[in-house]
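This report refers to the structure that appears directly beneath it.
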Amino acid sequence: MNIGPHKLKNNLIVAPMAGVTDRPFRQLCRELGAGMAVSEMVSSNSLLWGSEKTKRRANHDGETDPRSVQIAGAQALMMTEAAKHNADNGAQIIDINMGCPAKKVCNVMAGSALLQDEVLVGQILEAVVNAVDIPVTLKIRTGWDRDNRNAINIARIAELSGIQALAIHGRTRACHYKGDAEYDTIRDVKQSISIPVIANGDITSPEKAKHVLEYTGVDAVMIGRAAQGRPWIFREISHYLETGQHLIAPSVTEVRDIMLGHLDNLYNFYGEFTGVRVARKHISWYSKGQVGGASFRNEVNRVDTIKQQLAMTHAFFEKLAQKEELAA
Ligand SMILES: Cc1cc2nc3c(=O)[nH]c(=O)nc-3n(C[C@H](O)[C@H](O)[C@H](O)COP(=O)(O)O)c2cc1C
């Protein structure tokens with residue numbers, strides 16, 4: 001699949017997730033088979049650009065092409081400034097967020113709240129496309145609520161505005177994360193426009209990815225929550241789509257090694273104080289479903305230093321690896 005001049009190595013994309021898809025996680029998912037990873041959302045409010053958090057979000061050192069950065073906001077002028085700022089700081093693709101139902105975002109009429117105002121959507125998209133000479137993509141939900149599924153209208157506006165790919169999460173804004181994602185609207189959108197369409201929502205396995213690709217006819221799938229604690233899902237899906245066979249699940253030893261490498265990158269990226277705190281949620285995800293995982297998480301979440309966090313995590317996975325070896 002192509003986005004403007006960028007040819008992706010496959011059609012598997014990491015969904016933008018605030019607080020999750022930082023540079024270390026994006027790099028890890030790319031190494032483990034994802035064709036692209038969209039960065040966490042960057043506010044269009046320029047007052048925030050100097051903050052440590054926003055500067056870190058705009059850090060792409062060593063990241064593989066293409067680097068896609070998501071922006072959010074509800075004013076065309078601020079969005080164009082944000083797009084230019086990120087393009088100047090290494091973004092190769094600008095992704096506009098009209099898919100996030102978070103109160104913080106929706107109350108200021110950004111994220112999925114914008115879907116209510118199609119004229120404003122057109123104004124923002126056109127302004128951003130004209131402001132930068134890199135491709136601009138858009139992420140939406142299927143509509144405002146079940147009675148207002150206007151994804152097809154928005155998709156047509158996007159195509160006319162020069163948007164180069166459209167990602168759709170198969171839920172309405174009102175649905176938040178409730179119920180199952182639906183793919184009928186995504187299929188209808190795919191049939192209505194000719195720019196690449198990316199399906200998103202509840203893709204949790206190789207079979208589901210194949211089903212969604214076939215059912216909707218889309219060009220790519222985007223995966224968010226299923227990659228938490230399981231970044232190797234991308235190579236699993238890629239292998240299954242290519243061969244129809246399942247890759248063997250990673251051994252505990254491999255999971256441990258992937259996780260320790262991930263933690264190391266988090267510590268380097270954030271420093272000790274924030275690194276240990278960001279690492280907690282990833283350690284929790286990696287240990288989910290493992291024997292003794294709950295009490296391990298309870299203890300490891302209380303420590304504050306890299307040394308303690310690494311020692312406890314190492315010991316927990318070492319014990320699991322020994323059990324796995326005995327059972328083999
Ligand atoms: C923790 C978290 C943070 C998210 N942050 C964003 C965001 O910043 N921008 C956005 O467009 N979507 C965001 N999303 C939505 C995801 O990109 C995706 O659309 C949604 O999780 C559905 O895909 P999934 O079922 O594969 O997780 C977020 C989702 C989660 C779980």
Side-chain angles (χ1 to χ4, degrees), residues 12 14-34 37-40 52-53 56-57 59-64 203-206 223-239 246-328:
L12 308 175
V14 188
M17 288 182 283
V20 181
T21 46
D22 51 18
R23 197 189 73 194
F25 189 72
R26 296 196 298 274
Q27 283 175 314
L28 181 60
C29 292
R30 297 293 306 268
E31 280 162 26
L32 290 170
V38 182
S39 82
E40 303 171 273
E52 230 12 75
K53 194 167 164 183
R56 242 190 336 246
R57 285 188 174 187
N59 179 332
H60 303 285
D61 295 349
E63 229 179 308
T64 335
I203 297 169
T204 50
S205 66
I223 293 152
R225 290 164 298 168
Q228 295 171 347
R230 195 181 158 197
W232 49 86
I233 191 173
F234 296 100
R235 75 176 181 202
E236 292 180 340
I237 295 177
S238 166
H239 184 82
H246 282 284
L247 263 187
I248 301 171
S251 65
V252 173
T253 312
E254 193 188 359
V255 170
R256 181 198 64 194
D257 292 347
I258 290 172
M259 182 187 56
L260 292 177
H262 186 183
L263 297 188
D264 207 35
N265 287 333
L266 289 173
Y267 303 143
N268 285 332
F269 188 65
Y270 288 103
E272 179 153 19
F273 183 85
T274 308
V276 166
R277 280 153 184 82
V278 172
R280 285 180 188 154
K281 63 185 159 217
H282 292 282
I283 295 172
S284 296
W285 289 326
Y286 283 114
S287 65
K288 221 164 83 186
Q290 304 284 10
V291 181
S295 57
F296 160 65
R297 284 191 288 278
N298 200 15
E299 283 174 26
V300 78
N301 282 343
R302 287 190 217 171
V303 301
D304 287 326
T305 65
I306 292 176
K307 202 169 160 209
Q308 288 170 303
Q309 193 176 55
L310 271 183
M312 287 174 75
T313 307
H314 202 279
F316 176 72
F317 276 86
E318 195 53 42
K319 221 156 83 190
L320 290 176
Q322 279 168 10
K323 269 196 205 143
E324 188 180 63
E325 260 174 42
L326 281 175

Residue set satisfying ring pair (Phe, Tyr, Trp, His ring centres under 6.0 Å) with H60, at least two apart, ordered chain then number -> none
- [ ] Decide yes or no for T305 and V276: does some side-chain heavy atom of the first lie under 4.5 Å from some side-chain heavy atom of the second?
- [x] no
Mind checking whether E40 and P16 have side chains closer than 4.5 Å, heavy atoms only? no
Interatomic distance, CE@M259 vs CG@L266, rounded to 0.5 Å, equals 11.0 Å
- R56 and T274: side chain to side chain contact (heavy atoms under 4.5 Å, CB included), yes or no, with the steps? CA-CA 12 Å; R56 242 190 336 246; T274 308; 4.2 Å; yes
The side chain to side chain donor-acceptor pair (under 3.5 Å) partners of N59 (sequence neighbours excluded) come to R23
Closest heavy-atom pair, P231 versus L32, reported as atoms and distance to 0.1 Å, is O-CB, 3.6 Å
Using a strict threshold of under 4.0 Å (side-chain N to carboxylate O), is an ion pair present between R230 and E236? yes
Practice item. Answer yes or no: is there an ion pair linking E299 with R280, defined by an N-O contact shorter than 4.0 Å? Key: no
For the pair S238 and L12, evaluate side chain to side chain contact (heavy atoms under 4.5 Å, CB included) and give the outcome as yes or no after the intermediate values. CA-CA 8 Å; S238 166; L12 308 175; 3.8 Å; yes
Minimal heavy-atom distance between A34 and V14, with the atoms involved, is CB-CG2, 3.6 Å
dist T313:OG1 -> E318:CD (nearest 0.5 Å) comes out at 12.5 Å
Heavy-atom nearest pair, A321 first then T253, reads CB-OG1, 3.8 Å
For A226 and T204, the nearest pair of non-hydrogen atoms, with its separation, is CB-CA, 3.7 Å
ask   = Would you call the rings of H282 and W285 parallel, tilted or perpendicular if under 30° counts as parallel and over 60° as perpendicular?
value = perpendicular
Does any N or O in the side chain of K281 come within less than 3.5 Å of the main-chain N or O of G19, such that one atom is a donor and the other an acceptor?
yes
S251 vs E254, side-chain hydrogen bond (donor to acceptor under 3.5 Å, both in side chains): CA-CA, chis, key distance, verdict:
CA-CA 5 Å; S251 65; E254 193 188 359; 5.1 Å; no
By ring pair (Phe, Tyr, Trp, His ring centres under 6.0 Å), F234 pairs with (sequence neighbours left out) none
For G229 and Y286, the nearest pair of non-hydrogen atoms, with its separation, is O-CD2, 3.6 Å
- Task: Check whether any side-chain heavy atom of M17 sits under 4.5 Å from a side-chain heavy atom of V38, and report yes or no.
- Result: no
Notebook entry, point to check: Between Q290 and S287, is any side-chain donor less than 3.5 angstrom from a side-chain acceptor?
Noted result: no
Here the gap from R57 atom CZ to E52 atom CD, rounded to the nearest 0.5 Å, amounts to 13.0 Å
CG (L260) and CG (N265) are apart, to the nearest 0.5 Å, by 11.0 Å
Side chain to side chain donor-acceptor pair (under 3.5 Å) filter on Q228, not counting sequence neighbours, yields none
(message) Does I283 form a side chain to side chain contact (heavy atoms under 4.5 Å, CB included) with L263? I'd like the steps, not just the answer.
(response) CA-CA 8 Å; I283 295 172; L263 297 188; 3.9 Å; yes
Rounded to the nearest 0.5 Å, the NE2 atom of H262 sits from the CZ atom of F269 at a distance of 10.5 Å
State, yes or no, whether a side-chain contact exists between I237 and I223 at a heavy-atom distance under 4.5 Å. yes
Sub-4.5 Å side-chain heavy-atom contact between F317 and L320: yes
Across all chains, not counting sequence neighbours, the ring pair (Phe, Tyr, Trp, His ring centres under 6.0 Å) partners of H246 are Y240
State, yes or no, whether a side-chain contact exists between Y267 and E272 at a heavy-atom distance under 4.5 Å. no
Worksheet item: Any side-chain heavy atom of V278 sitting closer than 4.5 Å to one from D22?
Response: yes
Test side chain to side chain donor-acceptor pair (under 3.5 Å), reference E63, set R26, Q27, R30, output is R26
Main-chain N/O of H314 paired with R256 side-chain donor or acceptor, under 3.5 Å: no
* To do: Look at the side chain of N298 and the backbone N and O of A294, then say whether any donor-acceptor pair between them is shorter than 3.5 Å.
  => no
| task | Check whether any side-chain heavy atom of I258 sits under 4.5 Å from a side-chain heavy atom of L28, and report yes or no. | result | yes
Residues at least two apart in sequence or cross-chain that pass ring pair (Phe, Tyr, Trp, His ring centres under 6.0 Å) with F316, listed by chain then number, are F296
